[in-house]
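In this text, all values refer to a predicted model and were calculated from it rather than measured experimentally.
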Amino acid sequence: MRTIVAYDIADDAHRARFAAILAAFGERIQQSVFLCELDDESRRLVVSKAEELIDHDNDRVHLIAQCPDCLTLLHTVGQSHVPKVVEYWIV
């Protein structure tokens, strides 16, 4: 499912590591925001890694699931762009 992942992680190393994990699942659309394609297993992995890396008293991570039609309603302004939707066919 298409998921917006937004985070505020104070520790530079932890923030970089979490961003690298997210980059495997999607595209960075803002400094600390990724648009990812997550199935149940990858969603659990992202949540598990976030729980390992963050300072639970100060940091935060949001995973916001998007409906299939939500990306078609996305509007951007300025330097932003609508991430490409890539559909895969398995033969």
Side-chain angles (χ1 to χ4, degrees):
M1 173 173 280
R2 190 169 295 113
T3 304
I4 295 172
V5 183
Y7 56 92
D8 184 7
I9 300 173
D11 182 273
D12 291 341
H14 290 178
R15 185 174 56 252
R17 186 163 173 215
F18 191 62
I21 291 164
L22 294 177
F25 296 105
E27 180 178 345
R28 184 187 300 262
I29 58 173
Q30 289 285 335
Q31 190 62 30
S32 296
V33 182
F34 279 77
L35 184 59
C36 298
E37 195 61 43
L38 301 176
D39 58 19
D40 290 340
E41 184 178 336
S42 56
R43 183 181 182 87
R44 280 191 295 273
L45 174 70
V46 168
V47 169
S48 171
K49 292 298 183 181
E51 288 175 348
E52 289 175 23
L53 292 171
I54 72 165
D55 173 349
H56 290 265
D57 292 329
N58 297 305
D59 299 339
R60 60 190 62 83
V61 176
H62 299 276
L63 284 82
I64 306 162
Q66 299 289 287
C67 69
D69 294 327
C70 290
L71 192 60
T72 63
L73 301 173
L74 177 65
H75 298 278
T76 63
V77 178
Q79 296 295 316
S80 59
H81 69 281
V82 177
K84 295 178 187 173
V85 176
V86 179
E87 296 189 24
Y88 297 92
W89 291 84
I90 299 175
V91 183

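In terms of the side chain to side chain donor-acceptor pair (under 3.5 Å) criterion, residue partners of N58 (sequence neighbours excluded) are, by chain and number, D55. Every residue meeting the ring-ring contact (aromatic ring centres under 6.0 Å, His included) condition with Y7, not counting sequence neighbours, appears here in chain and number order: F18. Judged as a ring-ring contact (aromatic ring centres under 6.0 Å, His included), and not counting sequence neighbours, F34 has no contacts. Considering only residues two or more places apart in sequence or on other chains, E51 meets the side chain to side chain contact (heavy atoms under 4.5 Å, CB included) condition with V47, H56. In this structure, the side chain to side chain contact (heavy atoms under 4.5 Å, CB included) partners of D8, at least two apart in sequence or on a different chain, are R60.
Taking both residues in full, the closest heavy atoms of V61 and A50 are given as CG2-CB, 4.1 Å, listed atom of the first, atom of the second, then distance. Residues M1 and Q66 share a closest heavy-atom pair of CG-O, 3.6 Å.
Residues H14 and I54 are not in side-chain contact: their nearest non-hydrogen atoms beyond the backbone lie 4.5 Å or more apart. Looking at heavy atoms from C-beta onward, L38 lies in side-chain contact with L63 at the 4.5 angstrom threshold.
In this structure, CG on L22 lies 10.0 Å from OG on S32, to the nearest 0.5 angstrom. Atom-to-atom distance recorded for D59:CG and D11:CG is 8.0 Å, nearest 0.5 angstrom.
For the salt bridge (Lys or Arg N to Asp or Glu O under 4.0 Å) condition, the pairs that include at least one residue of residues 13-24, sequence neighbours left out, are D12-R15. Within the structure, salt bridge (Lys or Arg N to Asp or Glu O under 4.0 Å) contacts touching residues 39-49 (residues at least two apart or in different chains) are K49-E52.
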| request: Give the C-alpha distance, both sets of side-chain angles, the deciding distance and a yes or no for side chain to side chain contact (heavy atoms under 4.5 Å, CB included) between F25 and T3. | output: CA-CA 10 Å; F25 296 105; T3 304; over 6 Å; no
